[in-house]
Number of protein chains: 2
Amino acid sequence: MNSRFTIAVHILTVLAHKHDEPLKSDVVANSINTNPVVVRRLWSALAKAGLIVSRTGATGGGKLAREASMITLLDVYNAVEARCVFAMHANPPNKRCLIGKNIQLVLEDIFAEAQREMEKVLARKTIADVAAAIMKNCR
Amino acid sequence: MNSRFTIAVHILTVLAHKHDEPLKSDVVANSINTNPVVVRRLWSALAKAGLIVSRTGATGGGKLAREASMITLLDVYNAVEARCVFAMHANPPNKRCLIGKNIQLVLEDIFAEAQREMEKVLARKTIADVAAAIMKNCR
DNA sequence: TGGATTTGTAACTATTTTAGTTACAAATTG
DNA sequence: CAATTTGTAACTAAAATAGTTACAAATCCA
């Protein structure tokens with residue numbers, strides 16, 4: 001898997017920490033140790049999902065669209081990650097073989113169930129929880 | 001994610017279907033629509049995990065090491081896939097930032113919990129279940 | 001109004017991962 | 001000893017990934 005989900009959670013946690021004023025992609029990128037464009041690219045996805053609002057211009061920047069306690073990690077996952085965690089065959093299996101013909105349907109069901117259980121955990125955690133755990137750690 | 005897990009399950013399901021005799025990597029690769037070397041590379045991992053036995057030589061091939069009903073998909077997953085489904089930051093975040101310094105520890109916990117729930121589903125399914133579902137489909 | 005600032009996005013690059021392939025030594029059979 | 005098959009190294013092509021440069025469009029404020 002890529003780190004888009006992790007970076008997106010990081011972005012939102014930084015925005016949650018300074019929830020009053022809009023932050024520049026520059027500042028957020030500094031915490032992540034990456035390029036501002038990487039941050040702005042994820043802002044696109046997060047804005048489309050309604051998790052942040054961002055404005056261009058001199059006093060622009062990004063801001064949470066709602067309270068951190070109302071943004072679950074599943075919201076974030078769905079916003080930035082389209083794929084299932086399990087990858088099917090790179091090339092379709094042999095349709096002339098009984099197993100090759102039917103295995104993908106069977107695996108799709110199992111993979112979907114595993115993914116659902118994984119997503120349930122993400123749905124129980126919010127950006128506020130992440131921020132709180134970080135504050136607790138640093139005490 | 002890559003398709004190693006999917007291909008490994010496919011391999012074991014083919015071996016389960018003809019469980020009496022050892023099958024050549026050639027035959028298994030044909031069902032998957034790939035190269036025999038791809039199959040043999042996964043056999044290494046599966047053999048190390050004790051899921052299959054394979055023999056070289058004229059009448060050689062691969063064979064399940066135990067009954068298909070005693071091989072869970074979690075056994076297979078652990079045999080071929082080392083990584084967590086979630087990837088941490090590609091480059092470490094900024095340690096001088098409160099959030100950058102602590103977020104990985106917090107996310108590791110959450111990711112581990114999500115992975116555990118996902119693995120529980122895999123632990124409930126066996127290669128025999130997969131084979132049975134395929135037979136049911138083709139009826 | 002006009003200059004300064006910041007987002008949004010396209011285009012490019014370097015690195016890594018992935019799957020597939022060729023080649024061949026080692027093991028096994030008969 | 002000839003035929004066969006695994007095990008593995010080495011290479012290739014394609015795709016994914018993260019990072020970078022560049023710049024138009026939007027916004028603010030003096």
Side-chain angles (χ1 to χ4, degrees), chain A residues 1-8 10-11 14-15 21-49 51-63 65 80-94, chain B residues 1-8 10-11 15 21-49 51-63 65 79-94:
Chain A
M1 197 188 174
N2 56 39
S3 60
R4 286 168 54 88
F5 175 53
T6 293
I7 303 297
H10 192 144
I11 290 172
V14 173
L15 295 185
E21 64 207 300
L23 294 185
K24 294 177 215 168
S25 61
D26 202 4
V27 173
V28 178
N30 182 56
S31 167
I32 298 172
N33 225 351
T34 187
N35 192 292
V37 176
V38 173
V39 172
R40 296 206 291 266
R41 271 202 290 245
L42 283 170
W43 281 6
S44 276
L46 295 172
K48 269 174 198 151
L51 304 185
I52 70 165
V53 286
S54 63
R55 282 207 335 275
T56 62
T59 59
K63 200 167 165 323
V80 302
E81 203 60 52
R83 305 183 314 175
C84 176
V85 297
F86 299 103
M88 207 52 78
H89 305 67
N91 301 310
N94 188 347
Chain B
M1 196 186 178
N2 55 40
S3 60
R4 287 167 54 87
F5 175 52
T6 293
I7 303 297
H10 192 144
I11 290 171
L15 295 184
E21 63 207 299
L23 294 185
K24 296 176 213 168
S25 60
D26 202 4
V27 173
V28 178
N30 181 57
S31 167
I32 299 173
N33 225 349
T34 187
N35 193 293
V37 177
V38 172
V39 172
R40 296 205 292 267
R41 273 203 290 245
L42 284 170
W43 281 6
S44 277
L46 296 172
K48 270 175 197 150
L51 304 186
I52 69 164
V53 287
S54 63
R55 282 207 335 276
T56 62
T59 60
K63 199 167 163 321
V80 303
E81 202 60 51
R83 304 184 313 173
C84 175
V85 296
F86 299 104
M88 207 52 78
H89 304 67
N91 301 310
N94 187 347

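A, B, ... follow the sequence lines: proteins, then strands. Residue 1 opens every chain.
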Asker: Please report the distance, rounded to the nearest Å, between CG in Leu15(B) and P in dT6(D).
Answerer: 11 Å
Asker: Return no unless some side-chain N or O of Asn2(A) is found under 4.0 Å from OP1 or OP2 of dT17(D).
Answerer: yes
Asker: Between dT21(D), dG8(C), dT21(C), which one does the side chain of Val37(B) approach most closely?
Answerer: dT21(C)
Asker: Taking the inter-plane angle between the rings of Phe86(A) and Phe5(B) on a 0 to 90° scale, is it parallel (under 30°), tilted (30 to 60°) or perpendicular (over 60°)?
Answerer: tilted
Asker: Using whole Å, report how far CE of Met88(B) lies from P of dA18(D).
Answerer: 14 Å
Asker: What is the separation between atom NZ on Lys24(A) and atom C1' on dT7(C), rounded to the nearest whole Å?
Answerer: 12 Å
Asker: Would you kindly check whether a donor in the side chain of Arg41(B) faces an acceptor in the base of dT21(C), or vice versa, at under 3.5 angstrom?
Answerer: yes
Asker: Using heavy atoms to find the nearest nucleotide of DNA chain C for Gly60(B) and Glu81(B) separately, return the residue whose nucleotide is more 5′.
Answerer: Glu81(B)
Asker: Considering only dT8(D), dT5(D), dA26(D), which nucleotide approaches the side chain of Ser44(B) most closely?
Answerer: dT8(D)
Asker: Quick check: does any side chain N or O of Ser3(A) sit under 3.5 Å from a backbone N or O of Ala87(B), one acting as donor and the other as acceptor?
Answerer: no
Asker: Please state whether the phosphate of dA19(C), meaning OP1 or OP2, lies under 4.0 angstrom from any side-chain nitrogen or oxygen of Asn35(B).
Answerer: no
Asker: In whole angstrom, give the distance that lies between atom CZ of Phe5(A) and atom P of dA18(D).
Answerer: 14 Å
Asker: Is the distance from OP1 or OP2 of dG19(D) to the nearest side-chain N or O of Thr34(A) less than 4.0 Å?
Answerer: yes
Asker: Atom CZ of Arg4(B) and atom P of dA19(C): how far apart are they, to the nearest Å?
Answerer: 8 Å
Asker: From CD1 of Ile11(A) over to P of dT7(C), roughly how many Å is that when rounded to an integer?
Answerer: 12 Å
Asker: When you match Ser25(B) and Thr56(A) each to their closest nucleotide on DNA chain D, which lands nearer the 5' end?
Answerer: Ser25(B)
Asker: Look at the side chain of Arg40(B) and decide which nucleotide, out of dG19(D), dT8(D), dA19(C), has an atom nearest to it.
Answerer: dT8(D)
Asker: Of the nucleotides dT6(D), dG8(C), dT28(C), which has the atom closest to the Arg55(B) side chain?
Answerer: dT28(C)
Asker: Mapping Ile7(A) and Ala58(B) to their closest nucleotides on DNA chain D, which lands nearer the 5' end?
Answerer: Ala58(B)
Asker: Across the strands shown, which category fits Asp26(A) at heavy-atom distances under 4.0 angstrom: base, sugar-phosphate, nothing?
Answerer: nothing
